[in-house]
Structures are given as structure tokens and as C-alpha cells.
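Data block below; observations after.
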Amino acid sequence: MALDFALAAVLAALLSSVVSIAAFSIPSVLRFLAFPLLGISGAIASVAGIVALVDAVPLFGSLPFGLPWLEWQLRLDVLSALFLLIIGIVTFAVAIFGPGYVREYEHGNHPLTQLGIFTGLFVAGMMLVVLANDAFLFMIAWELMSLSSYFLVVFNHEQAANRRAGFLYLLMAHVGGLAILLGFGVLASFGDGFSFDAMRAAQLSPLWASVAFSLGFIGFGMKAGLVPLHAWLPEAHPVAPSHISALMSGVMLKVAVYGFIRLTLDLIGNVQWSWGVVALLIGSISALLGVLYAMQQNDLKRLLAYSSIENIGIIFVGLGMSMVFLGSELPKLGAIALVAALFHTFNHAIFKSLLFLGAGNIVQRTREQNLERMGGLMTRLPYTGVFFLIGCMSISALPPFNGFASEWMTFQAALQATALQNGVLRALIPFTAAMLALTGALSIACFVKVYGIAFLGQPRSRRVRHARSTPIGIRVSQGLLAVMCLLAGVFPNTIVNLLDTIPHMFTETSLISATSRGWLWLTPVAPEVASYSAPLVLVGILGAWLLTWWLLHPRGPRAVRRGPPWDCGFGPLSPSMQYTSTSFAMPIRRIFESVWGFEEKIERQTDARGLQVTSISHHQHIYDRSWSTLYEPIGHWVLVLARRVSRLQQGNIRVYISYSFFTLLLLLWVIS
Amino acid sequence: MIEWLLALLQVTLFVIGAPLLVIWIKRVKCFLQNRRAPPLAQPYRDLGKLFRKQVVLAENASPLFRMAPYIVFSATVLAALTVPLVAIKLPTAAIADMLVLVGFLAIGRFFITLAGMDVGTAFGGMGSSREVSLSSLAEPAMLMVIFTLAMTAQSTNLSSVMQYLIDIGLVLRPSLLFALMGLLLVAVAETGRVPVDNPATHLELTMVHEAMILEYSGRHLALMEWAAYIKLMIFGALIVNIFFPWGLASHFTAGALALGFVAMVAKLLILGVVLAVAETTLAKMRVFRVPEYLNLAFLLALLGTLSHIILEVGV
């Protein structure tokens, strides 16, 4: 039944895409038909996901499309179910958010039809990816996802920068897709068939298994945005409409994580610990660089995109740790690390979507994407202010929110590294945990900056000062995700119990001890090793808060007095005297100086006599080092190579005919 | 039941006694500097005065600004709840382990830095910016110390760690020595003492903590100050009770508890003297020298972890 539900969800998403064609003549179709259908699709997908997770029995099916000898094979097991649930929840929230958000696009010449059609296709593609049980359907769904999201990235195609970002995205998505295809090719040639069942049964030599792993790691890592293959991500995610950014950052990256887990742990099987080391190292580098770059961004959505790289890094650290443990015959620890990674995947989907929706609301209300021009939004958009704060607290891993629970579990898994036999591994895992600790602390800094600059202080521009009123749908969608952040954080045991069946697929072990002491206590390894009780933490914070408030709050008419803030006696403060986003991040920029490519220019103008400085202008530009070290050399060599090859093009028909002739001869010779 | 009561009693002792540690350090410093010392009751008098005063809020302060002192205070009290002061094996220790303790302190910091940015003065932003930058280096160092302890005792539970260290007795372990040095450096930075920050100054070039709470007054200010006192006490209790766990009561008899109390007071008094001597002999660092100091703390903590893994595991 769950599988039928899942297919119904795909169908609803496709339907939403079809009805959007009508938006050519009636723009409001998108609001009244396409988004509700998308919402239905999301709701059904969530239900299907939960049912399949609880049942924990793989369901099979097939669709009468595809190759003559291979119908599209479907399979809904617990791993697919989790990701279906993630897709469903975020799609549902986006569908509630969407109508209020696209309203402004109805006036003007925005291609609404395009938005509707490709959003539906995008969601359907992602759902099909996690349902696919053969490489053929997987690749078709994967391409559907990549291509439709390309059209969403270039939605605002009037600006050249957006077109460039879209092209980069398309290019890298296809290089990645090629790597995935080759990875499947390796498995298919050993397993004699494109179906995942055949691949699972394939006996690979360790070398070929490593080849397949590397190809999959490159392909899926490129989609997930691992450093140094991340260059497309901070370009493409911010330029899409905000609800699409939420889908891309919140869900599409997770689909790549799904692909990686499916390929490595399920299809290849027999995990080698060296793969885990690769994932660990790349993951921790991504996490650290992601947050460092995020810290220096002034564009709100770009900052969130970099922070996605950080969180994907954390997820891959968990996965890498799990692979190291699995490869070293420690299945129980492997299961803990895997559950921690999956938990963080779920959490990141929720809070990152929440943050992107909040950013979307800000952008819509103020037309500003630059943090330097925001400020004081807390009192102007109070709902978004509260929900965004919850998102910031979750992503900064503060107890009792969900980000903390999953990072806590990741640390717990890392602390079991002493069980490993190999001394180098034993030292490596705590070292990555140290990187993770640094990442966590920096992400607090990063999100204090975001919230403090955007929501607190005084508004730095006119449009921000006059920002008002939020449509109800936008509030509801954010509220839904914010409540889920809190619930998943306060009741981690429920989620861990649900996720517990997933490691069972690969390792024949499960985390019964994690929730053995009831719903109140989370004890991943053993109760005496570590325990965390999120409900009691919440009760404790609220209790202490209420107690102090009750003890201290003055009774009677002694209200607070309002007065001007301290201005050092120099007259009223103006918004430009506040710390800016750039200046807030300056100490960290100085501490980690060598990480960024960094250009700074300060111009001073003095009066005619050269005594008094009349104006100072400061320009700074931060660019990603991966460009100059990796992408530009590759681009250069591709051009050089293309120029060599282009010598074949003579422009003369006789030469081309002779090419054809010789090719024909060669082929005949090969065949015979 | 008696255990929960004891836990409650311990946290009350923590909260009420925290100002005493601060005034003790101040008195020792005064003695060393040949100044006349304030009486022991001075911090209580200050707090009492602030609680009685009316709150003056900046005109554009948001609701977050008024909520923040309560959140900061309760998060700090909750952190104190998980730290054994007199006795171990209290039931509250299971609610939160050392990683959650770091999380509690992070909640406090999150809100105090946001509150600093709320009014939109340059001071607040400056203090917040410095605070998050410095603590983003101090926090990983503290986590590394915790990792060392957790791997040594095979538990992240603070109570179990102390129990383990009591059980093995006095053994010189290089990892613990590095961890102690790391934690000392971190504690000085996190509690804003000399040479990282100076709680006694309002000099704009140097201040961190004071800059963030500049706009606060009345009971809000009192809560912020009190939270800072408790934080100092937390770090003090961590240092003396983890690395010198002698005397901690591990069963709840009157004698053991009395011994635990006396031992705790004695250890904290000694720690206070050490801190006062350090603060008297050292000068405050420039803000941009502090990262080097914290890198040293991180390095020491990392060395502790590595020396544990290399020298002490599986040998």
C-alpha cells in the first residue's frame, strides 16, 4: 500500500506540472491548483514514507515503461522511505509557502508556466530517484531532477550572472551524472544487468569495488556539494526562487546522499575502511571550509548555500565514520554513526528549508538579499523573526533543538574510536571530531551574525524599514517546520527508533540500546557511557526561566522605562554606526586569513590641503580558492584540447566524407 | 528522592555561592596589590541593588533583548546542575553529559551575543563579534579536553569520569596533564578574565563581555552578571573536581557530604589564589593576540587526545 501511495505522490507532482501549462493564460492557476496538488503530493509521500519506515518490509513493484527487457523496477525499503519522508515534508511546506510567494510574480513578465511545470517535474524526479530499483530508472529520474532544477535556477534569466550560474550547474550536474553512470556501469558489467538486485549480487574484486566507489563518490559528491566539487552550489542555490532554494538545499542534496548510501553500502556492499577514510577527510574539509566561507558571505541566500556545504560535510563525516567502523568489523558502532548521519540528514532538510523559506520571505518583503542593508526585521516581521531564530538555533546545534541531537550522536560515535585496532584510524577519528567541534563553534558565530545583522539592530535601508505583513501561508509553512525542529530535537528517541531499521539492512545489527531506557533517555552506546534527555533539558530550561521570571518580575506598576541608547554623548545613533556584516566577520577573517582568496581596497580622499580625510571607501571581495586551484586550470586545458581537436574541422565536404569512409572501414574491421 | 533533593541543594549552593568565588579572587588580588579589599558581601550587595533598581531599556530594544537575560541565566543554571560540586552520582548528571554542558554554555553565549547586537550600538556589535570569534576557538579546545577525558574514562558523563579518576588514584598521565593545561587556558578565556578580557574595565579597545551587556540595567544586568559569576564557578568546579577529584562524596551520608563540602571549598580557595596570582602578574593581551593564546589551548588539548590514543590505549 505504501508503494501505491508513493506512486500517487509522484502522479500528483506530475499533475501539478501538467496543470501549470494553463498558467500561460491564467496566472493564478499556479496558486490555486498547482501548489495544492504539490502539497497533496508532499503529504501523500510523507505518509507513504512513515508507513514504510514503521513496517520495515521492502515493497516491490514495476511500471510498464523503460527498456523492452527491463521494466522500471521500483522498491520502497526503509532507506528509500526515510528520503521519501524528507522529500514529502519539505515539499508540503513549500507548497504552503508557494502561493503567497509567487503572488508577486503574477504581475510582470515572469515565466510562471516554467516555474510550475519544472517544480512538479523536479519533485517527481526526486521521488522517483529514491524509488528506483534499477540503474536505468535511477538515471532517468536523476536527469529529470537535474534538468528540471536547471530551468528553475535560470528562472530569473534576465541577469547574466544567473545564466552563468545555471550553465555551471548544468555542466557539473552532467559531469557528476556521467561519473554515476560509469559507477553503475562497473556494477552492471559484473552483476550482469541493470537491476539493483543483480548489482547487489555481483561479486566485485576489491579493486573494481574501489573504482565503483570512487566514481560514485565523485558523482554523488558533486551533487551533494562536497569540497572541492561544490563550486556550482553557492552560485546556483541563491539565484533560484526561494522556495526552490529550499527544495534544492533541503532535499536535492539529500537525494545525492541517498544515492551515495545506496550505491556504497547497499549495492557495492563489503565496505572497505579506506573508503570511509576518504569520506571522513573530504567530509571534514567540506564542513570546515563550508562554514568558513559561509561566515564571510553578505548575501543571505549565498550564506545559507555555503552552510549547506558545511552540513553535507557533517553528514559525510558520519557516513565515513560508519564505513570505517563497518570495514573494521565493528557493526554496532557503524550502525550508531550511520543513524547519526541519517538523523542529521533529516534535521538539515528541516532546518535548512526553514531558513531558506525565511530568507524568501525577507527577500520578498524587502527586495534585499544583502545582509548589509537589513536590520531590525525582528519587530517588522515578527513571525518570521521567531521561526528564523528557531532555525538558527537548530543549525547552530543548541540543545534542545534537533541539530544538537544529531551532532551529539555523531560525537558519541567518534568517541568510540578507541575500539579500533588500527592506530592511525584511532587517531584520525578524534581529529575529524576536533574539526567538527571547530565547525560547530564557527557555525554558531555564523548564525549569530545572520540573525543579529538581519533581525536585530536598526534597519539599514529604507525598504527594510518599511517591511510589513506576511501572508498567512508563509507563516504557516515556517511554523510547521519550526515545530518539527523542536519536536525532532526534544523527542530524538522516536526518530532514532524509526531510523534504527536502516542499519539493519546492511549490518544485521541494530541500536536497541539507544532507546532501551525509554522515551526519556537517549543512550546510543550504553546508558553508563552517555545519556542525554532532551525532554528534561527542555523542561529544565523552561522551569529555570519561569522560576527566575516569577521571582524577579516586579509586581505592581513598576514598568520599565524606555530611554535612548548610550551614544557616548555624541548625539543620536544612526544605523550606519552599527557593526556591519563584514565588520562582524572581520576577526574570524583575520584568524583564518589563508583560507580565503581575498582582495581588499581602501581608498582615502582628503581635502585640498591633504590634511583632513573627507571620505574613505572600502571594497573587499572574497573568492573561492577552489576556482583558481582547480576549475580554471581544468577549463584552460579543456580549451587547449578543444583547439587541438578543432583542427579536424576543415570546412571541406570532401574531408568530412573521407572521415566517414575511414570510420566505416574501421568499424567493419572491428566487427569482422 | 533524597538524591533529587541533594541535586537541588547542590545547584542552590552553586548559584548562591558563585559570587563568593569572584569576591575571593578579588580579595586575594587586592592583597597582592596592596589595596584595601571589598567585604565578602560586596557582590551580593551589588546584585541586590541592581535587582531593586528600575530597568531602563533602549527605545528600539526588541523583545529578544528582554528575554535574553532570563535565557542566559537559566541556561547557565542548568549547566551548573550537571556539574558535580560536592557529590557525584547525582541523578541530574544523567540528564546531560559533558557535550550537553558545552551546549548549555553555547545557548547562553548565543543569546548574550544576540542581545549585544539588538540595540544597534557599535559597542554591542563589537563585543558580540569578538565574543563569537574568540569562543569559536575556545569551544573546540574545550571539546578536545572533553574527548580526552571521555576516551580515558569511556564515558562522557561527568560523574562517571570523576568516579573513574577517583578509582584509578593518583597516576601521572600525560594526556590528563595536557588536558588540564588546555582547560585552564580555556577557562580563563571563556570566563573573560585577565589576560583575555578584563571584567573590571570599561575601556572600549579591550572589552568583550562588558561591551555586550553595556545597554543592560537593573535586574537584567544583575542576571547577566550573576550568570557570569556562575560560569566562573562552573569552570572552577570542573577544573578542581575533574583533575583533583579527592574528597568528592560518592555516597550520600552526612559525613561524606561534609567532607565533600570542605574539600570543595578548600580546592576552590586554592584555585582562586592561583587565578589571582596569574591575573596580578600577567598583563592584558591585545585582542588579536588572543587567537594565538587559544590556538595554544587547542593544541594542548589536541596533544592530550593524541597522547592518550598513542600512549595509553591498547598498551
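Throughout, a chain's letter reflects where its sequence line sits, starting with A, and its residues are numbered from 1.
Using a 4.5 Å cut-off between heavy atoms, A/L442 contacts chain B through both its backbone and its side chain. Interface residue B/F147: backbone and side-chain heavy atoms are both found under 4.5 Å from chain A. Neither the backbone nor the side chain of B/A75 comes within less than 4.5 Å of any heavy atom in chain A. Within the 4.5 angstrom heavy-atom criterion, no atom of A/A534 approaches chain B. In this structure, chain B has no heavy atom under 4.5 Å from any part of A/F401. Using a 4.5 Å cut-off between heavy atoms, B/F65 does not touch chain A at all. Neither the backbone nor the side chain of A/M435 comes within contact range of chain B; no heavy atoms are under 4.5 Å apart. Heavy-atom distances place the backbone of A/M577, and not its side chain, under 4.5 Å from chain B.
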List the steps, then state whether side chain to side chain contact (heavy atoms under 4.5 Å, CB included) holds for A/L389 with B/L64.
-> CA-CA 10 Å; A/L389 182 65; B/L64 188 138; 4.0 Å; yes
Would you check, one step at a time, whether the test side chain to side chain contact (heavy atoms under 4.5 Å, CB included) holds for B/R66 with A/V560?
-> CA-CA 10 Å; B/R66 298 177 68 171; A/V560 296; 3.9 Å; yes
Given the rule in the side chain to side chain contact (heavy atoms under 4.5 Å, CB included) test, do A/Y532 and B/I95 qualify, once you have shown the distances and angles that lead to the verdict?
-> CA-CA 5 Å; A/Y532 166 52; B/I95 295 178; over 6 Å; no
Apply side chain to side chain contact (heavy atoms under 4.5 Å, CB included) to the pair A/K449 and B/V132, showing each step before the final yes or no.
-> CA-CA 9 Å; A/K449 170 183 122 162; B/V132 294; over 6 Å; no
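The side-chain heavy atoms of A/L438 and B/M144, taken from C-beta on, include no pair separated by under 4.5 Å. Looking at A/I541 and B/I107, their side chains come closer than 4.5 Å, going by heavy atoms from C-beta outward. Between B/V77 and A/L547, every side-chain heavy-atom pair lies at or beyond the 4.5 Å cut-off. Inter-residue side-chain proximity for A/L415 and B/M151 is flagged as met; some heavy-atom pair is nearer than 4.5 Å.
Atom CZ of B/F288 sits about 7.5 Å away from atom CD1 of A/I591, to the nearest 0.5 Å. With values rounded to the nearest 0.5 angstrom, B/T121 atom OG1 is found 10.0 Å from A/D567 atom CG. To the nearest 0.5 angstrom, B/F111 atom CZ is 7.5 Å from A/L398 atom CG. Between the CE atom of B/M126 and the CE atom of A/M586 there is a distance of 11.0 Å, given to the nearest 0.5 Å. Rounded to the nearest 0.5 Å, atoms CH2 (A/W549) and CE (B/M67) are 12.5 Å apart.
Side chain of B/E215 to main chain of A/W566: a donor-acceptor pair is present (N/O by atom type, distance under 3.5 Å, no hydrogens or angles). Put simply, the side chain of B/R130 never gets that close to the backbone of A/P587: no donor and acceptor are under 3.5 Å apart.
Heavy atoms only, all atoms of each residue included: B/R109 and A/I444 are closest at NH2-CD1, 4.4 Å. Annotation for B/S62 and A/T379: closest pair CB-CG2, 4.2 Å, computed over non-hydrogen atoms. The nearest pair of heavy atoms linking B/V100 to A/F404 is CA-CZ, 3.6 Å. Between B/P140 and A/A441, the shortest heavy-atom contact is CD-CB, 3.8 Å. The shortest heavy-atom contact between B/L114 and A/L456 is O-CD1, 3.2 Å. When all heavy atoms of B/G120 and A/Q458 are compared, the pair lying nearest together is O-NE2, 3.9 Å.
For the options A/A433, A/S583, A/A585, heavy-atom pairs under 4.5 Å to chain B are most numerous at A/A433. The candidate with the highest count of non-hydrogen atom pairs below 4.5 Å against chain A, out of B/L223, B/I71, B/L306, B/L134, is B/I71. Comparing A/T439, A/V386, A/I588 by how many heavy-atom pairs each has under 4.5 Å with chain B, the most go to A/I588. Interface remark: of the candidates A/Q412, A/Q421, A/Q416, A/Q412 forms the most heavy-atom pairs closer than 4.5 Å to chain B. Note on B/L143, B/N60, B/L78, B/T92: by heavy-atom pairs under 4.5 Å with chain A, the leading option is B/L78. Your options are B/G116, B/S128, B/S217, B/A141, and the one with the most heavy-atom pairs under 4.5 Å with chain A is B/S128. Between chain B and the options A/G423, A/S574, A/P430, the largest number of non-hydrogen pairs under 4.5 Å is found for A/P430. With respect to chain B, the highest number of heavy-atom pairs below 4.5 Å among A/A434, A/C446, A/A530, A/G385 belongs to A/A434.
Applying the salt bridge (Lys or Arg N to Asp or Glu O under 4.0 Å) test to every pair with at least one member in residues 288-302 of chain B, sequence neighbours left out, gives these pairs: B/R289-B/E292.
Other residues, nucleotides and ligands contribute more than 12 heavy atoms inside 6.0 Å of the OH atom of B/Y293. Counting non-hydrogen atoms of other residues, nucleotides and ligands closer than 6.0 Å to CZ of A/F431 gives a total of 12 or fewer. The number of heavy atoms from other shown groups lying within 6.0 Å of CD (B/E59) is above 12. Heavy-atom neighbours of A/R373 CZ from other residues, nucleotides or ligands within 6.0 Å: at or below the threshold of 12.
If you run side chain to side chain contact (heavy atoms under 4.5 Å, CB included) between B/M117 and each of A/Y579, A/F584, A/F455, only A/F584 comes through.
Interface with chain A: from residues 152-159 of chain B, residues B/Q154, B/S155, B/T156, B/N157 qualify, criterion being any non-hydrogen pair under 4.5 Å.
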